[in-house]
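Chain A is the first sequence line, chain B the second, and so forth, proteins listed ahead of strands; every chain is numbered from 1.
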Number of protein chains: 2
Amino acid sequence: MSLRFGILGLLSEWEASGYDIKKEFDDLMSIFWHSHLSQIYPELNKLEKEKLINSKYIAQEGKPDKKIYTITEKGKEELMNWLLAPIEAPKLKDAFLMETFFMDNIPVDEVLFKLNMYKKERTQRLEKMKKIMSERLKSIKERNVMKARILMSSVVLKRGYEQELQYIKWCEETIQLVKSCSNLWEKKEGRSSTILPFTNFEVIFMRYFADILEE
Amino acid sequence: MSLRFGILGLLSEWEASGYDIKKEFDDLMSIFWHSHLSQIYPELNKLEKEKLINSKYIAQEGKPDKKIYTITEKGKEELMNWLLAPIEAPKLKDAFLMETFFMDNIPVDEVLFKLNMYKKERTQRLEKMKKIMSERLKSIKERNVMKARILMSSVVLKRGYEQELQYIKWCEETIQLVKSCSNLWEKKEGRSSTILPFTNFEVIFMRYFADILEE
DNA sequence: GAGTTCATGTAAACAGTTACATGATTCC
DNA sequence: GGAATCATGTAACTGTTTACATGAACTC
């Protein structure tokens, strides 16, 4: 149900076309959501039928016509009700963590390769966010204004930034741990996995989990 | 597509019923995935039709019969191919961050209330993970064994733990920032939001973003 | 007697992705 | 000439959630 509120939220600040909305989703909002044009356009039509938004056609030079949407009072109410409703339990989905969970099934070299690739992927996301953040800060300073909307979008950006930074750090630490435990992947005839006394790993393992264990 | 691999991954280690699988999803795997029984049962039937898993009925005393599934060689191959395939771009969805992004639309008291509620929610998740982690560590020590599977599930658990910890810290820091900027929510007749010179916020804002800005 | 756990499912609705369709303009 | 950007959509498929259905046993 969040897509409709993502659209209503955007239109509560600016008027925009479906194409503009998609760009916002791909840019700043990519920290917490993503969507396809083929989902956005039907949703906009649905919202208009429900009288939560209005549309008008704008002719452009050298570009196709645009269908610009604006939020209605009913739409603003709908958005407010959503924002004032009790919080929902977070529903996490992270396909890479699921993969990682089962990586005892592939050779340790492949595990290390995958962790490295994922670290790169997350580093790219971090770089993108750095760029967005510095651009925004520059614009805030230049225009010398502060609004609640700017504040809230900035705190979300910070959360996204932190998340990438910490995921990268986790990749690095996990790569080190897997490297130092790589003999667990050795296959001895018939046995699908090596079982070794824990004592061999105690120091390394306990160091990796030090922050969880202290208390 | 990840549900099928979550199931295959679990069955690569133990045999289990749909009900058992659901419990695993709600327990350790809740860090990265969640699913309903009404999705798991049809998926199991699909996997059996594709000969990736086999089933047998087990009679139990005082409890209903169980349909126990085991993975086939073809199933193991399918799992391996997934694990060896190139990584996919992470597709993040975080409804709470989306809400936060648009919270300039509700009174600042409500913003603080929501951030506090969410902090509580995440704290509960953290406590649950602490419990799981300490139980697992106890069991590892007692049985005195280490396997690649135990290692990989532990690193995923650590990631989940870190994520909760950092989300809670973000909630706390954001609550403080919003409190010190609460006058941005003041409504003056007609105006939907207050616009103030940035200079008033420079110190607070820059302190909050210090870690991003240093470089 | 009511609620929870165990156990397996179906049906309908909703959400999300991929493929297809069209067509102009701008950039290399 | 080909690729990318601008612009709006439909159709088919896949994935996910909610509601419905059944029934035994155990706990408070």
Handout entry: Any N/O donor-acceptor pair, B/S35 side-chain to D/dT16 base, under 3.5 Å
Key = no
Round to the nearest Å and state the distance from [X] atom [atom1] to [N] atom [atom2].
X	N	atom1	atom2	result
A/I40	D/dA7	CD1	P	14 Å
B/Y19	D/dA24	OH	C1'	13 Å
A/D26	C/dT17	CG	P	12 Å
B/D27	C/dT5	CG	P	14 Å
A/E43	C/dA15	CD	C1'	9 Å
A/D65	C/dG23	CG	C1'	12 Å
A/Y41	D/dA7	OH	P	8 Å
A/L37	C/dT17	CG	P	12 Å

Handout entry: Check: B/F102 ring centroid to A/F5 ring centroid under 6.0 Å
Key = no
Practice task
Would you please indicate if the ring centroids of A/Y118 and A/Y167 are separated by under 6.0 Å?
Solution key: yes
N/O (side chain, [X]) to phosphate O (OP1/OP2, [N]) under 4.0 Å:
X	N	value
A/H34	C/dG16	no
A/K66	D/dA7	yes
B/K22	C/dA7	no
A/H36	C/dT17	yes
B/K91	C/dG16	no

Practice task
State whether a side-chain donor-acceptor pair under 3.5 Å links B/T174 with B/Y208.
Solution key: yes
Problem - Exercise: do B/R125 and B/S30 side chains pair donor with acceptor under 3.5 Å - result: no
Exercise for the section: Could you please name the option among D/dT16, C/dT10, C/dG9 that lies closest to any side-chain atom of B/K67? Expected result: C/dG9
Practice task
Select one nucleotide: of D/dC6, D/dG9, C/dT10, the one nearest the side-chain heavy atoms of B/S38.
Solution key: C/dT10
Exercise for the section: May I ask you to decide whether B/K66 forms a salt bridge with B/D20, counting only side-chain N to carboxylate O separations under 4.0 Å? Expected result: yes
Exercise for the section: Between B/K23 and B/Y69, name the one whose nearest nucleotide on DNA chain C is closer to the 5' end. Expected result: B/K23
Problem - Nearest-nucleotide comparison on DNA chain C, the residue closer to the 5′ end among B/Q39 and A/W33 - result: B/Q39
Exercise for the section: Describe the nucleic acid contact of B/S17 in one word from base, sugar-phosphate, nothing, applying a heavy-atom distance below 4.0 Å. Expected result: sugar-phosphate
